Amino acid sequence: MKSDIEKVVQTVCESLYGVSISSSIVRTEKKFGDFSSNIAMQLTKQLKRPPMDIAKEIIHEIEDNNIFSKLDVLKPGFINFTVKDVMLIESLKLTNDLQKFNSSKQILIEYGDPNPFKEMHLGHIYTAIIGDTLASLLESSGADVKRLCYQGDVGLHVAKAIYVVGEYMKWNLDGLEEAYASHSLGYFYASGEKAYNENETAKTKIQGINQNIYKKDNDIVNKIYDLGKKISYERFDKTFDDIGVYFDKKYFESESSKIGEKLVRDNIPKVFEKSDGAVIYRGEKDGLHTRVFINSRGFTTYDAKELGLTVLKHGDFPKADISIIITAAEQDEYFKVVLAALAKIDPKLAQKTIHLSHGFLSLTSGKMSSRTGKVFTGADLVSQVHQMVDLKYKDSKVKKEIFLAALRYTFLRQRIGIDIVFDVEQSIALEGNSGPYLQYAHARACSILAKAKNIDTKFGDKTLQSDERDLVVKICDFPDVILEATKLYLPHQICTYLFELAKEFNSFYEKNRVIDDPRMNLRLAIARSYKDVLEEGLRLLHIPSPESM
RNA sequence: GCCUCCUUAGCUCAGCGGAUUAGAGCGCUUGUCUUCGGAACAAGAGGUCGUAGGUUCGAAUCCUACAGGGGGCACCA
């Protein structure tokens, strides 16, 4: 609806002043009308005329129309639009017409990259949910979306874990499965990390193991590695599955490493240079910092692997128009450097690549970690939220659905990019502004609709009462909200919208009857659209909307 | 030290150039309570939007400085 009004204003401004203007229409407070435009103020400098005059001239020009019931100009020069009730009722039917502005585009999106031999932590859950939701939104805009996962299956962190496993087993493989089964992956890695930093012999050994892993030249290391990798993936897949996240394709650092190395070596000295035996990129020339791409022992770092990954991705999906990578904000600076280097190697590829980051996730209480001395992992979070749902919704048949709503909504409702202070007990909300609240609102609407025998969509009255109108206006916002949230990569806007919508309906529902009311047919039509929008909105967030709870 | 992000009610967050009282959830106080599903609704208390300047017709929103906090700064990922 917003874009329709936008067009009206644009054509008027063009015919009146010969200027083309960008967007100026925004939703406004109820007391002013439905929409407002500040276009007159924007034009005042250009035209050198008072904004009030311009505004009046513009509304005079649109006076004859069948869209607005009221047009007026206020104070400094706002134009306020009130849409006819008939128009609102008509556009109820159009709420599922989402703009396919990405049709014919292929978009790659990479998110939630846990590393084998390390624990999947809260940040991975966060990244995965954001990425998965963004992927869903992009799909709704018509794009052919490929969901990618990238996992660091080689590198020092793996060697550190394997060193500890090996020492624990005294480098004898009998009982290897039990060893893995009885310890968390994080335990091995953390111990390896400690040994690497505190013990010179261990450090040397770990570096040796790192070489073994790359070259696959040590049978025992291979076996510890293979089983550990397998177990890691099984556990990750389980957790991803629990939170409703999936991937079309997985990439591994063992693949990207060689390609990255070649790419870097081929671009010496054009892009990279040698320094102290390492191959580096001098980021200072771009206002950034220097990073090592190949270390002095000849191993590729994360940076070179990232370049290799880019090549791999575009080799698999040569038609891809955009490649999005989602990580935590702590990698912002790193990505700037890698992308700057990539821009020098292949400007086109670099241009297609977008790095999005979300903020740092910290636990408030710290109870969870200090008490047991263990890190609070992604799997821990999943099981704790399951427990909370089980407790509160004892008799529900849709606990799994409620779980998904509670968990996903918690991470999605906040703007991407800002830090999250997380407290399991408080952050995972089951009431108020929460996933389950929306599900409940949906189930309620379903229940009303089920009671109505048959919905007669023909209703004579095409005017809306105040309460009805508020609701309808909100429902009609849906396509605009989705469009904006997708274009700006801000899924939280959908959460905010759905919550406001549900509140609007609950408030309406409290004051007005639907069934057996003289205005039943109209109200049922509104309730149906409301239910559809809620359902579709939740679907885009990958939150199920059961019909009863 | 350099770079970067952040600072809005007791807590967690929306608002990100607009229109006399800056919004929500939780928590707190009070009411609705044989209900088209109360997992709900209605009302109240609670904020000089980190500080100081600047730009603008107009600033929580843009710019600058400062303070406080997070993150990053060569062989980790």
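Naming: A, B, ... by sequence-line order, numbering from 1 per chain. Please read all numbers here as calculations on a predicted model, not as lab measurements.
- Residue F293(A) is classed as having no contact, given no heavy-atom separation below 4.0 Å to the nucleic acid.
- Between the side chain of N80(A) and the base of A19(B), a donor-acceptor pair under 3.5 Å is found.
- Residue contacts shown for I420(A) are limited to sugar-phosphate atoms, with no base heavy atom under 4.0 Å away.
- No contact: R413(A) has no heavy atom under 4.0 Å from any strand.
- Distance CG (L307(A)) to P (A77(B)): 14 Å, rounded to an integer number of Å.
- As rounded to the nearest Å, G18(B) and C63(B) have P atoms that lie 15 Å from one another.
- Picking from C41(B), C57(B), A77(B) the nucleotide with the shortest atom distance to the side chain of H157(A) gives A77(B).
- Each of I416(A) and K31(A) was assigned the nucleotide of RNA chain B with the nearest heavy atom; the assignment lying further toward the 5' end belongs to I416(A).
- When heavy atoms are screened at a 4.0 angstrom cut-off, E547(A) is found touching base atoms of the nucleic acid.
- At C41(B), one or more side-chain N or O atoms of N506(A) fall inside 4.0 Å of OP1 or OP2 (strictly under the cut-off).
- Among the nucleotides G18(B), C36(B), A14(B), the one closest to the side chain of I418(A) is A14(B).
- No hydrogens or angles were tested; on distance alone, a donor-acceptor pair under 3.5 Å links the side chain of T28(A) to the base of A19(B).
- The phosphate of G38(B) (OP1 or OP2) has a side-chain N or O of Y440(A) nearer than 4.0 angstrom.
- Ring-centre distance between Y111(A) and F247(A): below the 6.0 Å cut-off.
- The shortest distance between the side-chain N/O atoms of R444(A) and the OP1/OP2 oxygens of G38(B) is below 4.0 Å.
- A67(B) and G50(B) have their C1' atoms separated by 8 Å, with the value rounded to a whole Å.
- Using a 4.0 Å cut-off between charged nitrogen and carboxylate oxygen, R469(A) and D34(A) count as a salt-bridge pair.
- Taking atom CD on Q207(A) and atom P on C76(B), their separation rounds to 8 Å, with Å as the unit.
- Residue K160(A) places none of its side-chain N or O atoms closer than 4.0 Å to OP1 or OP2 of C76(B).
- Counting atom types as modelled, S36(A) pairs a side-chain N or O with a base atom of A19(B) as donor and acceptor under 3.5 Å.
- Heavy atoms of K511(A) sit nowhere under 4.0 angstrom from any nucleic acid atom.
- Of the candidates A77(B), C76(B), A19(B), A77(B) carries the atom nearest the Y334(A) side chain, counting heavy atoms from C-beta on.
- Using bins of under 30°, 30° to 60° and over 60° for the plane-to-plane angle, the ring pair H386(A)/F403(A) lands in the parallel bin.
- Whole-Å rounding puts the Q414(A) CD to A24(B) P distance at 18 Å.
- Look at A42(B): its Watson-Crick or wobble partner, with both distances under 3.5 angstrom, is U30(B).
- In this model, the phosphate group of G37(B) is approached by a side-chain N or O of Y509(A) to a distance below 4.0 Å at OP1 or OP2.
- One C1' atom belongs to C16(B), the other to G72(B), and the distance between them is 25 Å to the nearest Å.
- H289(A) has its NE2 atom 14 Å from the P atom of C3(B), to the nearest Å.
- A centroid separation of less than 6.0 Å is found between the aromatic rings of F499(A) and Y437(A).
- A glycosidic torsion no more than 90° from 0 defines the syn conformation, and A74(B) adopts it.
- The side chain of S548(A) lies closest to G37(B), out of C76(B), A14(B), G37(B).
- Heavy atoms of other residues, nucleotides or ligands lying less than 6.0 angstrom from NZ of K285(A) number more than 12.
- Among the heavy atoms of the strands, none lies under 4.0 Å from F299(A).
- Taking atom CD of E253(A) as the reference point, atom P of C76(B) lies 13 Å away to the nearest angstrom.
- You'll find that the side chain of N115(A) is closest to A77(B), out of A77(B), C13(B), G71(B).
- For R415(A), counting side-chain heavy atoms from C-beta on, the closest listed nucleotide (A14(B), G70(B), C57(B)) is A14(B).
- A74(B) is unpaired under the Watson-Crick or G-U wobble criterion, no partner having all donor-acceptor distances under 3.5 Å.
- Nucleic acid contact for R282(A): base, since at least one base atom lies under 4.0 Å from a heavy atom of the residue.
- At the heavy-atom level, Y437(A) lies under 4.0 Å from the strands shown only through sugar-phosphate atoms.
- No contact: K118(A) has no heavy atom under 4.0 Å from any strand.
- Residue K451(A) has a polar side-chain atom (N or O) positioned under 4.0 Å from OP1 or OP2 of G37(B).
- For D332(A) and G72(B), a side-chain-to-base donor-acceptor distance below 3.5 Å is absent, hydrogens and geometry of angles not being considered.
- Side-chain atoms of D480(A) come within 3.5 Å of backbone N or O of K2(A) as a donor-acceptor pair.
- Residue-nucleotide stacking is not present for F78(A) and G18(B), judged by a side-chain ring centre under 5.5 Å from the six-membered base ring centre and planes under 30° apart.
- The separation between L438(A) atom CG and A40(B) atom P is 11 Å, rounded to whole Å.
- Among the heavy atoms of the strands lying under 4.0 Å from S447(A) is at least one base atom, whether or not backbone atoms are also near.
- Comparing C62(B) with U7(B), their P atoms sit 10 Å apart, to the nearest whole Å.
- Counting non-hydrogen atoms under 4.0 angstrom, S296(A) reaches a base of the nucleic acid.
- Panel note: side chain S396(A), backbone M549(A); no donor-acceptor pair is recorded below 3.5 Å.
- Rounded to whole Å, the distance from CD on E431(A) to C1' on G37(B) is 16 Å.
- A443(A) comes within contact range of at least one nucleobase, with a heavy-atom separation under 4.0 Å.
- The base-pairing partner of U12(B), taking Watson-Crick or G-U wobble contacts with both distances under 3.5 Å, is A24(B).
- For R291(A) and A74(B), the shortest distance from a side-chain N or O to OP1 or OP2 is not below 4.0 Å.
- N512(A) comes within 4.0 angstrom of a nucleotide base, judged by non-hydrogen atoms across all strands.
- Taking the six-membered ring wherever Trp is involved, the centroid distance between the rings of Y163(A) and F188(A) does not fall below 6.0 Å.
- Taking the centre of each ring, H157(A) and F117(A) stay at or above the 6.0 Å mark.
- In this structure, Y497(A) places its OH atom 17 Å from P of G15(B), rounding to the nearest Å.
- The side chain of T301(A) lies closest to A77(B) when the candidates are A77(B), G70(B), A74(B).
- One P atom belongs to G27(B), the other to A65(B), and the distance between them is 43 Å to the nearest Å.
- Nucleotides A22(B) and U34(B) are separated by 42 Å at their C1' atoms, to the nearest Å.
- Judged by Watson-Crick or G-U wobble contacts below 3.5 Å, the nucleotide A52(B) has U64(B) as its partner.
- Here S357(A) lies out of heavy-atom contact (under 4.0 Å) with every strand.
- Looking at E193(A) and Y189(A), their side chains do bring a donor and an acceptor atom within 3.5 Å of each other.
- In this structure A59(B) sits in no base pair that meets the Watson-Crick or G-U test at under 3.5 Å.
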